[in-house]
Amino acid sequence: AIAMFIDPSADPRIIDNCCKLQRPVAYFSGLLGQLLRLRYAALRNITLNFSTARAVPGTIAWDSAVAFKPHRDLFAAGPQTGALLTFTSGSTGAPKGALRSHGVLLAQLKALRETMQLTPGDVDLTTLPIVLLANLACGVTSIISDVDLRQPARVDGARVYADAVSQHVASATASPAFFERLVGYSKKTSRTLPEMRKLFCGGAPVFPRLLDALRKTMPRTDPCAVYGSTEAEPIAHVAVSEFSPSDREAMRSGAGLLAGKPVAAVRLRIVRNQWGMQITPLSEAELGQMSMAVRDPGEIVVSGDHVLPGYLGGRGDEETKFKVDGAVWHRTGDLGYLDERGRVWLLGRCGARIDDARGTLYPFSVECAASNVAGIERSALVSAQGKRILAVEIHGTNRETAERDLRDMLGWAHIDEIRFLKRIPVDRRHNAKVDYPALQRMLS
């Protein structure tokens, strides 16, 4: 059997599209999941329906299901056998099915174990499903806080703090939006988490400001930002202690966001940016010719045993996959460069780059610098109506002060207009990645 998961934040359209991509044969849920079946025809059409809640009409109670006679036939699963099916967010189009084989899952487990130092007996506050799966394989106890993980940016920081204290949590893995809520509670109450020893933040851009705040909240940790994606997790990582004064000054001055050194399991190249065009099969020599020099920006592409070789049914492969001497490489859709030490610097999504008469401007160059201005909750750079527009959310400061400080910080970026918004649109899954197409529609 292949385990199929749909993101809890998915809307009816995405749920319907996911079930069309791969029709499930069995459905497992608690009471709330059973209520979803009343709303969504795609879920009602699933034949076998198992419920962990008691006395739900039309379901097979889990208590009785565990007493079923087991299958006696054995199936020899190989490295290429499908194991886990998840889906991309679908926020910019139809979702794509990410079918991880047993081989890919094992390679991903190895990469995560090394990156996150998964140690048997540890207790981890977990919000990311793939990390929970790795924890299970490594003997790490996962604590899932009693909050609504469909909306990480609205979780109850007090509840998360209480769960971490009561369960003696030693490590935590979550998105920036989730950790912002915990940090906010810590600042408000002056409470810290001295038992916490390891902390990993990913799923969206992680700016130094948040890592610094997390170190104050959890003083025994060296908070680490992890860069990766559904198709390749992890790719690179960096701890806050690794930021030198010159690194921090570079990020304030438009160098982009430092993501750290690539993990040992991944091959990473920066190639000439040709996003939107298919890359035909290459040789290693041809890949070398496409690769950019140190500090020259381009597309970030990766390969490795833990990198998804293709999507379900091949949907999306043409745009995001290419082969080098037969090996599959994945196009992340991110722009960046490598420095002299082999570290990855992120510049933003390929489709969000601005090219105008004044040159090229990268979103993360501006947004990472802007994050250093007091009172800036979130910022996003877009081009609309021929102007370079910086959208910002503020907290704890007035517009006049924020705009003055931003213009002082970002003189080099030649921003035409600063727009103050109540809410910058973000992704549904992590509530932290800017939805640039939606923002452009708002500002046009």
Side-chain angles (χ1 to χ4, degrees), residues 5 7-9 30 86 108-109 111-207 209-228 230 233-234 237-241 427-433:
F5 288 88
D7 197 84
S9 65
T86 60
Q108 188 172 49
L109 170 63
L112 286 171
R113 179 191 286 131
E114 293 173 354
T115 301
M116 303 173 65
Q117 306 116 47
L118 299 178
T119 306
D122 275 358
V123 179
D124 182 57
L125 181 68
T126 308
T127 65
L128 306 176
I130 198 65
V131 174
L132 186 144
L133 184 60
N135 283 350
L136 285 170
C138 293
V140 175
T141 297
S142 295
I143 301 298
I144 305 173
S145 189
D146 187 17
V147 293
D148 186 355
L149 293 178
R150 293 173 300 174
Q151 301 184 68
R154 296 184 180 181
V155 302
D156 183 355
R159 176 73 263 174
V160 175
Y161 177 88
D163 290 340
V165 171
S166 66
Q167 300 302 318
H168 303 286
V169 168
S171 62
T173 311
S175 69
F178 181 93
F179 278 134
E180 289 277 10
R181 300 293 291 178
L182 184 55
V183 165
Y185 174 78
S186 174
K187 288 180 178 178
K188 183 178 179 180
T189 61
S190 299
R191 293 179 176 179
T192 63
L193 290 167
E195 288 190 68
M196 197 80 75
R197 300 193 308 274
K198 295 182 292 186
L199 189 148
F200 300 91
C201 187
V206 185
F207 295 125
R209 179 186 67 184
L210 176 57
L211 295 178
D212 291 337
L214 286 168
R215 185 158 56 177
K216 291 180 180 178
T217 300
M218 305 162 204
R220 292 182 61 190
T221 66
D222 187 10
C224 183
V226 180
Y227 167 53
T230 298
E233 181 72 53
H237 60 91
V238 63
V240 68
S241 63
D427 68 299
R428 294 174 64 96
R429 179 173 294 172
H430 296 297
N431 300 170
K433 291 187 288 189

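Since the model is a prediction, treat every value here as computed from it, not as a measurement.
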Could you list the donor-acceptor pairs under 3.5 angstrom formed between side-chain atoms of residues 128-138 and any protein atom two or more places apart in sequence or on another chain?
{"unit_1": "N135", "atom_1": "ND2", "unit_2": "D124", "atom_2": "OD2", "d": "3.1"}
{"unit_1": "N135", "atom_1": "ND2", "unit_2": "T126", "atom_2": "OG1", "d": "3.3"}
{"unit_1": "N135", "atom_1": "ND2", "unit_2": "S142", "atom_2": "OG", "d": "3.0"}

Show every donor-acceptor pair shorter than 3.5 Å between a side-chain atom in residues 111-118 and any protein atom, with sequence neighbours excluded, or say none if there are none.
{"unit_1": "E114", "atom_1": "OE2", "unit_2": "K110", "atom_2": "NZ", "d": "2.9"}
{"unit_1": "T115", "atom_1": "OG1", "unit_2": "A111", "atom_2": "O", "d": "2.9"}
{"unit_1": "Q117", "atom_1": "NE2", "unit_2": "T115", "atom_2": "O", "d": "3.0"}

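Among residues two or more places apart in sequence or in another chain, the side chain to side chain donor-acceptor pair (under 3.5 Å) test is passed with D222 by S241. For R429, the salt bridge (Lys or Arg N to Asp or Glu O under 4.0 Å) criterion is met by D7, not counting sequence neighbours. With sequence neighbours excluded, the residues forming a ring pair (Phe, Tyr, Trp, His ring centres under 6.0 Å) with Y185 are Y161, listed by chain and number. Residues satisfying the side chain to side chain donor-acceptor pair (under 3.5 Å) criterion with K198, sequence neighbours excluded, are D122. With sequence neighbours left out, the side chain to side chain donor-acceptor pair (under 3.5 Å) criterion links T189 to no other residue. In this structure, the salt bridge (Lys or Arg N to Asp or Glu O under 4.0 Å) partners of D212, at least two apart in sequence or on a different chain, are R248. By the side chain to side chain donor-acceptor pair (under 3.5 Å) test, Q167 pairs with no residue at all, sequence neighbours left out.
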Full working for side chain to side chain contact (heavy atoms under 4.5 Å, CB included) between V183 and K216 | CA-CA 9 Å; V183 165; K216 291 180 180 178; over 6 Å; no
Would L193 and V165 satisfy side chain to side chain contact (heavy atoms under 4.5 Å, CB included), going step by step from the backbone distance to the final call?
-> CA-CA 7 Å; L193 290 167; V165 171; 3.6 Å; yes
Could you walk me through whether V240 and L214 pass the side chain to side chain contact (heavy atoms under 4.5 Å, CB included) test, one step at a time?
-> CA-CA 10 Å; V240 68; L214 286 168; over 6 Å; no
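Once rounded to the nearest 0.5 Å, the distance linking CZ of F179 with CG of L211 reads 10.0 Å. One distance of note links CZ of R181 with OG of S175; it measures 12.0 Å at 0.5 Å rounding. Distance CD1/I144 to CG/L125: 9.5 Å, rounded to 0.5 Å.
By the 4.5 Å heavy-atom criterion applied to side chains, S171 and R197 are not counted as neighbours. The shortest side-chain heavy-atom distance between T127 and V155 does not fall under the 4.5 Å cut-off.
Counting only residues at least two apart or in different chains, ring pair (Phe, Tyr, Trp, His ring centres under 6.0 Å) contacts with residues 139-159 are absent. Residue pairs meeting the side chain to side chain donor-acceptor pair (under 3.5 Å) criterion with at least one member in residues 149-160, sequence neighbours excluded, are D148-R150, Q151-R154, R159-D163. For residues 135-154, no pair satisfies ring pair (Phe, Tyr, Trp, His ring centres under 6.0 Å), with sequence neighbours left out.
Scanning all heavy atoms of the two residues, the minimum distance from L199 to M218 falls at CD1-SD, 2.8 Å. Across M196 and A172, no two heavy atoms sit closer than the pair SD-N, 3.9 Å. Between A432 and A204, the closest heavy-atom pair is CB-CB, 3.4 Å. Contact detail for A177 and N431: the closest heavy-atom pair is CB-O, 3.6 Å.
Proximity of a side-chain donor or acceptor of E180 to a complementary backbone N or O of A153 within less than 3.5 Å is not detected.
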